[in-house]
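Worksheet for the structure shown next.
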Amino acid sequence: MEMNSLYDSLSLIAPELIISVTLLVIVLFDLIFKNNKKMLPFLSTVGLAVALITQAGNLTDGGFAFSPENTPLFYGMLTIDSFGAFFKILVLAASMLIIYFSSTTDEVNESFDRLGEYYTLIFGMVLGMMFMISASDLILIYLSVELLSLSSYVLAGFSKNKTRNNEAALKYLLFGAFSSGLMLFGISLIYGMVGSTNLTALNNFLQTGSINLFTITISLILVFAGIGYKISSAPFHFWTPDVYEGAPISITAFLSVASKAAGFALLIRFIRVGFVSYVDSEGFWKLSEVFDWQLLLVIIAILTMTLGNFSALWQDNLKRMLAYSSIAHAGYMLLGLAVMSDQGVLAVLVYFFIYAIMNIGAFFIVMLIANRIGSENIDDYDGLGFKAPLLGVSLGIFLVSLTGIPPTAGFIGKLYLFIALVDANMIAVAVIALLNTVVSLYYYIRVLKHMYLVKPSTEPPVIKPSFNNLIFVLILAVPTIIFGIYFTPILDFAKQCVQFFGV
Amino acid sequence: MNGFPILTLLTFIPVLGMVLVLLMPKDKEREIKITTLIATGIQVVLSAVLLMSYDYNAGGIFEESSFQFIEKFRWIEITGLSWLGTVKIDYFLGVDGLSTPMVLLTSIVAFIATLSSWNISKSLKGYFALFLLLDTGMMGVFVSLDFFLFYVFWELMLLPMYFLIGIWGGTRKEYAAIKFFIYTLFGSVFMLLVMIGLYFSTQETLADGSAVFTFNMLSMMDPANYTADGILSPFNPGNLRFIAYIALFVGFAIKIPMFPFHTWLPDAHVEAPTPISVILAGVLLKMGTYGILRISYPMFPEITKDLMWYIALFGMINIIYGALCAMAQKDFKKLIAYSSISHMGYVLLGMASLSTTGINGAIFQMFNHGTITSMLFLIVGVIYDRTHTRGLDDFGGLANQMPVYTGFVTVAFFAAIGLPGMSGWVSEALVFVGSIGEEITRILAMISTLGILLGAGYMLWALQRIFLGNLKEKWSDLTDLDGREYAMLVPLAVIIIFLGIYPSFMLDIMNTSVNTLVEFVSVNVSKFTLSGL
């Protein structure tokens, strides 16, 4: 590779470079100043902020990075475009929130000695996610998924003296290893047929080459298994509740938002670049007819949301309930993708933006309460709403928003999803999703019921969050209401980002 | 009244009150109550002002120019997507003869419910904050002319109502609250789907000549605005208008509540505290029938015409079934709750006739039921506050012990039965004149007259059990009404008697609009069935 093109490629991945540098700085800092762990979250935040600003400045950049020599222009390892920028901004912003989140979580701070590892691994995850979002080559897809996964396996078991932590990490590792094995097998099959690992090459092959339908179907299902595992869609969701319940809560929140976002970005790009022959004037995608992605995704989406919602109904542990709820939300978002149109992708982007805010918010409050009462059990929430008014109301706002009732932002996410579905004439699917929403009301509102309606058997403790924590809660709760009433900014942002470079 | 945003004030004064209440310290109980009273009081004054400058000859319904007190601003606008077009949502308020009676009703009932909330002691601040939020939701529903806005207000009421029943309710409050919530959310998700369907089927032409999809209700009423291939467009041979109509109707029917979607109502009423029962029966139930008149009728005239008989049938079932259930009750409040179901049946019956008289009767009945039932629930509250029981058989001979109270009860009961001279009589008479006058609904209406008989039966029987006979020893120290209770009951009694003697006061407000609606529906039946089929 010539120096020039290498330089061009590097300039396209500036945010990723910043993240890598910060990762190294954190490792070195932790080695040199062994006892000054308080600085680690601060350093991390600065690194993320610089990356975020850089990324936001390059919102409309487009290009291919790391194209091998002697290949046509469109065969880069990475695709830089505004679609990717949206998810990277989301991941970076979520990571910043998670860094603060982690610094207040007792579960994490108990392991004071190993805090250096904790933040280093978080950056490992971030780096993995960012490459996942831009990857347009199967090898790089696999590598970035592994980078993300390996870091998160360790983080899930971070508090190593707790059994449920160990269980979570082990389950995560076993399921993860299995699914990435499947994915790798799928990738090897695709390589065998196409002769290249590049997604654009795959697309060209599907339009012109001679295709063995059986092999291609098998290989795509295998690749989907790998991605489906990351976004915790049924039937690859079994790890989710155990891992989410067992992992430190900051990691749970991180997995449920950022890791899922990266998974979705990957899935969307995989289909958009690999399979779409052309996009018609109304924004609908015309796919190569070798594989019915729409049918697969609709079935998976309905399964995912229904399983998620119905399982959440019986959960008494709030972390576990939110885990199932995040499975259900993955289902709604998959439905947006299943529309197979730019409209549908717009709905996914809008939904993700809002989902990130409200989900991190909900987890954060559960963490604050757990720090105080040492439990995430719903029965221990009895009467808590009156003792912690601000936390109670904020958790209420997040949960109502997760249900999707106006005037909260969650409603706007659902609204655009249903707009996309109705526009594509997928009425029956929309009805199923709506009925799912009604089911979900029951378990979200159950938390509020315990906080406000149930008479506590023992006097609940007064919870007074610190000033900083209160500000953090407001930073998340206020937009949840504001974006429910005035959502032009989200849509303007998302609409700029429904653009894929080079396709 | 040009430029004075009276409807915005009417809608958002309670939110302002809510903010004030939230800012006050917990122990300033009196100040919190007075703030709420002032906020709802301003609403009453504003609706009186609205009535004074109201144009009795403006029809409204489908024509923007004949709506009154219009406020219209661009709320959301997103441009620049070739495949999505311009997305726009308006903040669009206005009233006509359908909504004005409801606006009046809402402000009166909210004010009186505030008075009736005076004895609330548990978490007072939260109670009044939620109460005011609920008030905004109710008012917003009646003044919105943009479907999206309408939907937001419609849903805004759910959460406050859930907590008001759930926290301040009776013994089975949790069950009642969640049942209410799930029923209504179930109904409104279908409304959401129909709303989006209509959005993609109608286009409004903007000032610059471009056509964009719209949530504007008035645009949705004009067949000329429908696109050729929208799923709810009459010009699309494969349209889903019938299914959409049913879905929308179910959403509204749950709120009315129409048999067989009524089971949440007795539970909610029995568990809710008195003021919330008053709001629920007085205003919330009207939203269902209001929605049908405002949305289902003018947007789906051809299906409405086809389904007249069925709507009347459900009206009849509501009347008879509600009355029979009421007769079997041993709990005073449950009796009133079932009588509500019965009385809302008259509204359905009147609407189903699709005649001016019938619909006038229906809207008037909505108003009257709002005032009469509010009074009935207050009456239950008065006795419950004193005795902590509501069993009809626990009492007897109260007439001597509480003569003034008995007088008010008699007024309310007779109004509910439909005694001439009271407002309930006029509206029921109009409903029957309208529905018997139309051939389609005639037989059903005749059967429904049984409801009057049954109504007299359960009401008088209840009156007898509570007030006549021998006074039980333990009630010998019951006191009669106090000043606050007078302040709640007297205005309602005055309204009931005044409208019984001079019904034109209310009928004149709605008459022009009802005429417009009836004519609009009959003219547009053919336009909506055109479709080349």
Side-chain angles (χ1 to χ4, degrees), chain A residues 279-284 341-343 346 385-386 389 392-393 396-397 400 403-408 411-412 414-416 418-423 425 427 430-431 433-442 445-446 448-450 452-454 484-492 494-496 498, chain B residues 22 26 75-85 87 89 122-123 125-126 137 148-149 151-156 158-159 162-163 165-169 173-174 177-178 181-183 185-190 192-201 213 229-232 238 240 243-244 247:
Chain A
V279 179
D280 74 8
S281 62
E282 286 175 348
F284 286 100
S341 69
D342 286 355
Q343 175 91 290
L346 178 83
F386 296 102
V393 170
I397 291 173
V400 167
T403 321
I405 297 175
T408 55
F411 170 64
I412 305 304
K414 292 247 161 69
L415 177 76
Y416 272 84
F418 291 122
I419 282 185
L421 286 171
V422 171
D423 192 28
N425 249 327
I427 310 291
V431 169
L434 278 169
L435 291 178
N436 259 287
T437 306
V438 180
V439 173
S440 76
L441 170 76
Y442 183 80
I445 212 75
R446 186 160 161 251
L448 295 182
K449 181 181 104 178
H450 277 271
Y452 289 101
L453 271 54
V454 176
I485 297 166
Y486 187 72
F487 47 93
T488 311
I490 301 187
L491 273 165
D492 270 333
K495 122 199 145 183
Q496 281 181 28
V498 192
Chain B
L22 286 177
K26 246 188 207 143
W75 172 18
I76 303 285
E77 179 163 11
I78 295 142
T79 51
L81 283 179
S82 56
W83 38 268
L84 192 61
V87 176
I89 301 172
K122 182 179 171 187
S123 324
K125 186 169 152 179
F148 188 83
L149 196 61
Y151 186 80
V152 169
F153 282 124
W154 182 280
E155 297 273 274
L156 185 63
L158 295 184
L159 212 61
Y162 170 78
F163 283 114
I165 297 175
I167 300 181
W168 290 274
K173 57 189 185 177
E174 291 155 25
I178 193 70
F181 205 155
I182 289 184
Y183 257 84
L185 188 71
F186 179 80
S188 57
V189 291
F190 286 108
L192 175 67
L193 210 54
V194 174
M195 177 178 98
I196 297 174
L198 283 167
Y199 171 75
F200 276 116
S201 307
F213 290 126
D229 56 351
I231 55 165
L232 296 185
L240 301 173
I243 296 171

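Heavy atoms only: backbone and side chains are in, while hydrogens, waters and symmetry mates are out. Throughout, a chain's letter reflects where its sequence line sits, starting with A, and its residues are numbered from 1.
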For this session: Let me know if A/Val393 has heavy atoms under 4.5 Å from chain B in its side chain, its backbone, both or neither.
Result: neither
Problem set entry | Segment of B/Ile243 engaging chain A (4.5 angstrom heavy-atom cut-off) | neither
Problem set entry | Toward chain A, the part of B/Ile167 with a non-hydrogen atom under 4.5 Å | both
For this session: Check whether A/Phe487 gets within reach of chain B through its side chain, its backbone, both or neither, counting any heavy atom under 4.5 Å.
Result: both
Problem set entry | Non-hydrogen atoms of B/Gly197 and A/Val422 that approach each other most closely | CA-CG1, 4.1 Å
Problem set entry | Heavy-atom proximity to chain A below 4.5 Å, by part of B/Ile76 | both
Exercise. How long is the span from the OG1 atom in A/Thr408 to the CG atom in B/Leu156, to the nearest 0.5 Å?
Worked result: 10.5 Å
For this session: Return the minimal non-hydrogen interatomic distance between A/Leu453 and B/Gly166, and the atom names on each side.
Result: CG-O, 3.1 Å
For this session: Output the distance between atom CG (B/Leu240) and atom CG (A/Asn425), rounded to the nearest 0.5 Å.
Result: 7.5 Å
Seminar exercise, completed: Between the CZ atom in A/Arg446 and the CD atom in B/Glu174, the distance rounded to the nearest 0.5 Å is 11.5 Å
Exercise. Roughly how far, to the nearest 0.5 Å, is the OG1 atom of A/Thr437 from the CZ atom of B/Phe186?
Worked result: 12.0 Å
Exercise. What part of B/Ile182 is in contact with chain A, defined as an atom under 4.5 angstrom from a non-hydrogen atom: side chain, backbone, both or neither?
Worked result: both
Exercise. What's the spacing between A/Phe418 CZ and B/Met195 CE if we round to 0.5 Å?
Worked result: 11.5 Å
Seminar exercise, completed: B/Val189 meets the side-chain contact (heavy atoms from CB on, under 4.5 Å) criterion, sequence neighbours left out, with A/Leu434, A/Val438, B/Leu185
Exercise. Angle class for the A/Tyr452/B/Phe163 ring planes (parallel below 30°, perpendicular above 60°, tilted otherwise)?
Worked result: perpendicular
Exercise. What option among B/Phe190, B/Phe153, B/Tyr151 has the most heavy-atom pairs under 4.5 Å with chain A?
Worked result: B/Tyr151
Problem set entry | CD1-CG distance between A/Ile405 and B/Leu158, expressed to the nearest 0.5 angstrom | 6.0 Å
Seminar exercise, completed: If one checks every heavy atom of A/Leu441 against chain B at 4.5 Å, the contacting part turns out to be side chain
Exercise. Is chain A contacted by the side chain of B/Trp75, its backbone, both, or neither, given a heavy-atom distance below 4.5 Å?
Worked result: both
Problem set entry | Heavy-atom side-chain proximity of B/Tyr162 to A/Val400 below 4.5 angstrom | no
For this session: Could you look at A/Leu415 and say if it's the side chain, the backbone, both or neither that has a heavy atom under 4.5 Å from chain B?
Result: both
For this session: For residues A/Asp423 and B/Phe213, determine if any side-chain heavy atom of one lies less than 4.5 Å from a side-chain heavy atom of the other.
Result: no
For this session: Not counting sequence neighbours, which residues clear side chain to side chain donor-acceptor pair (under 3.5 Å) with A/Tyr442? List them please.
Result: none
